[in-house]
Amino acid sequence: MPPKRKAQAPLDDDGGFDSGAEEALSDQETFDKLRDSFDVKAMSRRLRATHATDPASFLFKKCDQWDAQLKPDHINRPLWVDDAGRIILESFSPIFKDAQDFLINIAEPQSRVSRIHEYSLTAHSLFAAVSIGKSSKEIIDTLERYSKTALSPSVISFIDKSTSSFGKAKIVLKKTLSYIESDDPTILQRLLKDATIAECRADTTDGLIMEAAPRIGVMAIPGTKMAAGANQVAHQVAEAAADPQAPSDMIAALREEDDDDEEVAQVHSFQIKSEERERVVKRCQDIGLPLTEEYDYETDMVNAKLDIDLRPHAQIRYYQEKALGKMFSNSRARSGIIVLPCGAGKTLVGITAACGVKKSTIVLCTSAMSVVQWRAEFLKWSNISSEDIAVFTSESKNRFPRNAGIIISTYTMITSTRNRSYDAEKVMEFIRSREWGLLIADEVHVVPANIFKKVTYSIASHAKLGLTATLLREDDKIEDLNFLIGPKLYEANWQELSEQGHIAKVQCAEVWCQMTPEFYTEWLKPSSVQKRALLSIMNPRKFQACQFLIEYHERRGDKIIVFSDNVYALEKYAKKLSKAYIYGDTPQAERLRILENFQHNDQVNTIFLSKIGDTSLDLPEATCLIQISSHYGSRRQEAQRLGRILRAKRRNDEGFNAFFYSLVSKDTDEMFYSSKRQAFLVDQGYAFKVITRLEGLEKRTDLAFYTTHERRELLMDVLLSKDADAAEEKINGDMFGSKFASTGRKGRKKNGARRTAGTLSELSGGQDMAYIEYNKSRNKELKTKVVKNGFLRKLQRGTANAKKAAKE
DNA sequence: CAGGAAGGAA
DNA sequence: CTATGTCCTTCCTG
């Protein structure tokens, strides 16, 4: 994958590197001196790595390597294709739409900034193209037609080579067992020569299993069902013929299928161990013979039909239809992944897919809350009867009464390795023992986590549909989805959807906040990353910017969410500004109360959320988002947070914009992380504007931490908080260190130290600190789990205050 | 219902 | 560059 590029200039047009006009001069001097004394080289190097590449330079570089002649009418052709399979699409071309539709099928979108889109041809993307029915010739011809230059031979041979062996063998399910199947026995022989695959073989026969092609009825071995199958087709043909609306080719197709059946086409197969499914699929991809997984649901006579249809009021949007079209071509369901931004109707896509397959369906979600939502959506959009949808979570362990139905559950529920309750085990048995027509994996990007990989062999499903907004992980496991679920079938273009009003338009901005001298002085002292991070977050200028933005947007009538990963900062900010906040320990009832107020009470326009709000909370009221702590360059988190405001209810109001601010403390690590986090959104075409000063901010005297005194106090508070205790070590560490060596024995990692500190809160502040410091080095062995979190935090604050008092 | 255990995110 | 610490979620039990 080529490196991501920043599309926008790092600086605002007029702003430039505004060195803080809002600072009093003396502050500025102090600040400059501080900065001069600090070695900024490392940081600027990192910044340059993400900021510096200018958006067009890579084009020129590529042109240099190019001998290819431009075609005479190149101006009418929208593509540049280099010999490594990288494709540049000009979005201003008149045939942009056609070219985009084509590219999305055969290549991986890398970046879709406003004028220039970049795609790349990969083996995976070509496999996806073949599995939705594109031939190698079709791909090459179309590419050639759109390209400004003749395709290089290496690209052609890459496409040829990659596609020639695709689609020759498939993986199928018969009576919950897995088989590799092909028309061509030599392909299977070839596969069996591979040691890994041979190892995973389950049947002990020497040769291959051979049977008539699994058209109609053949799947059923004894007579009765076969007859039923044949009957059904006859019935379908009759039905189709009787229906004046039915296109004649459809009838012909059905008849043809019937005819096919009479010629005894042979199909060969061997069985593999279900638990080795992934290994086999992966191995087959590695050796260039990827397996297709398709489900011929219409002719499946073994599994009961599920009575489900979309309700008439369910309107499928065109992009949802496109996505589903990729999944359902050739009247089969194929496994794969559909990528749609948050709020673009992923659930409806899943439900429609279930309505297409009409077999038992299992839906997996990440949290119990979305399980409830999925169920509600199913009832809303389809005519499924409510008893046919079972929910399998810790609090509800239902099964459906009939032969076919829907189960909605969580990944953890399915994959848990620990002891299950009796009921849970019963339901698991039920799930394992039957065949599923469709598996819907919500938030599919979580699946590659080690534990979740198990789902695919706990559940025997004919087809799998993965849904996600952000097919992104910071590790390299995202590739695994290719064999865990299937190829990416469709990926929507965010900009296009927002232009058409399906998701909100968003203005993104990065607000650079200068560090105050007090805070920067501390920041520059050698200390832990945690402490530095905390100082950057608690930077009073950032606080003021936040306060300013909240006031500004509240006046505009926006509903604002403020995100902070850091709970300490979350609490400080929220309390200082008298706003409600929710984090992990907030009890369910309290959460609901706050959310309720946020949505319906016009006195409550701002809430503070920890990363609890990244996913799962659905807040259609929110229109403005402020990020105050944005650690670890997680692109997915950034995208997901942005997703919180994409479904803004007011999005169709004339000229409506949602706002997304990232507050960043200047000259700290946050700058680096921030640009890293934005990479994904920038590739989706979002332009981040850099704001170096907020108009009117400097004139305000009523903002928090206006006086030096207040800022000092805040600094003290920060330094004494649990995250920033390194400085005290020297003072108190050796005085009390040994005294408590035998006290605590347990506790998980650093938490242990914190917990134990709680239990010892009756000690004086100084001793307490010493204790914490002493145990820092050996907290791996600590293991006391005494008090619960919420209580602890209270104690924590108590001890912090005690420390402060002791110091003064 | 509180609390523990386990695991994920990045 | 990787390892880390912190937060959050799930499920199950006493």
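Heavy atoms only: backbone and side chains are in, while hydrogens, waters and symmetry mates are out. Below, read A as the first sequence line, B as the second, and so on, with proteins coming before strands; counting in each chain starts at 1.
Residues A:Lys572 and A:Asp717 are paired through a salt bridge, judged by an N-O separation under 4.0 Å between the basic side chain and the carboxylate.
Rounded to whole Å, atom C1' of B:dG3 lies 12 Å from atom CG of A:Asp585. Atom P of nucleotide C:dT6 and atom CG of A:Leu534 are separated by 11 Å, given to the nearest angstrom. We find that CG of A:Leu570 is positioned 12 Å from C1' of C:dC7, with the value rounded to whole Å. Atom-to-atom, OH of A:Tyr411 to P of B:dG7 comes out at 18 Å; the value is rounded to the nearest Å. B:dC1 atom P lies 11 Å from atom CD of A:Gln588, rounded to whole Å. Per the geometry, CG belonging to A:Asp614 stands 8 Å off P belonging to B:dA10, to the nearest Å. For the pair A:Phe563 CZ and B:dA10 P, the interatomic distance rounds to 14 Å; values are reported in whole Å.
Ranking C:dC11, C:dT13, C:dT6 by closeness to the A:Lys611 side chain, first place goes to C:dT6. Considering only side-chain atoms of A:Val567, the nucleotide from C:dT9, B:dA9, C:dC7 that sits closest is C:dC7.
Pairing analysis of DNA chain B (Watson-Crick: purine N1 to pyrimidine N3 plus N6-O4 or O6-N4; G-U wobble: N1-O2 and O6-N3; both under 3.5 Å) yields stems of 3 or more pairs at B:1-9 with C:6-14.
Partners of A:Arg399 by side-chain hydrogen bond (donor to acceptor under 3.5 Å, both in side chains), not counting sequence neighbours: none found.
Close to C:dC12, at under 4.0 Å from its OP1 or OP2, lies a side-chain N or O of A:Lys397.
Judged by distance alone, the side chain of A:Lys397 and the main-chain N or O of A:Ser394 form a donor-acceptor pair under 3.5 Å.
Here A:Phe430 and A:Phe400 bring their ring centres to under 6.0 angstrom of each other.
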Check step by step if side-chain hydrogen bond (donor to acceptor under 3.5 Å, both in side chains) holds for A:Asp614 and A:Gln640. CA-CA 6 Å; A:Asp614 289 358; A:Gln640 218 127 32; over 6 Å; no

